[in-house]
Amino acid sequence: MKKQLFALSFGFVAMLAATHASQAQQQNRCAPRETVIERLASAFSETRQSIGMAANGTIVEMFASTQTGTWTITLTRPDGVTCLVADGHAFERIDEELPARGDPA
């Protein structure tokens, strides 16, 4: 069940993010993946926290830092170009149990 919820959540983010990919490119928020990863690590101490693949082959990743509290969601196209889709602060790692089927949320 946890994997299904994660997959659904990541699928939703991928779909939402894919609609903003061209907008991100227009704002020059895209670069080769290695460059983006290095920048997130060196400037914000962010490391990859989760990863998923959208139906169109685009990789969606979330990078975050428990030290700085910053987070970034990226899309990487099959050609290796990575675009920043969203970023923010106050990142917090949460491990929650999902309610059992039939239990009220």
Side-chain angles (χ1 to χ4, degrees):
M1 180 91 166
K2 247 184 183 180
K3 286 185 177 183
Q4 288 174 328
L5 182 60
F6 177 77
L8 286 173
S9 298
F10 226 70
F12 177 73
V13 169
M15 185 176 62
L16 181 63
T19 62
H20 295 291
S22 63
Q23 182 181 2
Q25 232 175 345
Q26 292 171 357
Q27 296 174 357
N28 199 23
R29 294 178 52 119
C30 299
R33 185 173 190 283
E34 300 79 28
T35 303
V36 173
I37 303 304
E38 165 58 30
R39 176 77 173 140
L40 292 175
S42 65
F44 304 102
S45 300
E46 292 184 10
T47 59
R48 185 170 57 188
Q49 303 294 315
S50 58
I51 185 171
M53 183 179 287
N56 65 357
T58 300
I59 302 293
V60 180
E61 297 170 288
M62 179 178 192
F63 294 83
S65 171
T66 55
Q67 298 169 348
T68 64
T70 60
W71 58 265
T72 306
I73 296 175
T74 65
L75 289 178
T76 302
R77 300 185 318 227
D79 66 2
V81 173
T82 298
C83 298
L84 303 179
V85 177
D87 57 73
H89 62 281
F91 172 76
E92 198 174 319
R93 184 180 309 272
I94 299 174
D95 291 319
E96 292 180 340
E97 291 293 320
L98 293 174
R101 283 192 177 186
D103 286 349

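All residue numbers refer to positions in the sequence shown, counting from 1.
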Handout entry: Candidates V36, T74, T82, D87 - the one meeting side chain to side chain contact (heavy atoms under 4.5 Å, CB included) with R29
Key = D87
Handout entry: Option from R77, E38, E61 for which side chain to side chain contact (heavy atoms under 4.5 Å, CB included) with R33 holds
Key = E61
Problem - Shortest non-hydrogen contact between P78 and G57, atoms and distance - result: CG-O, 4.0 Å
Handout entry: For R39, all residues meeting side-chain hydrogen bond (donor to acceptor under 3.5 Å, both in side chains), sequence neighbours excluded
Key = none
Handout entry: Value rounded to 0.5 Å, distance of CE in M62 from CD1 in I51
Key = 13.5 Å
Handout entry: Side chains of E46 and S65 in contact at under 4.5 Å (non-hydrogen atoms)
Key = yes
Exercise for the section: May I ask you to decide if F44's main-chain N or O and T68's side chain share a donor-acceptor pair within less than 3.5 Å? Expected result: yes
Problem - For Q49, side chain to side chain contact (heavy atoms under 4.5 Å, CB included) partners two or more places apart - result: T47, A64, F91, R93
Fill in the blank from the handout: When rounded to the nearest 0.5 Å, the distance separating CH2 of W71 from CG of L40 is 12.0 Å
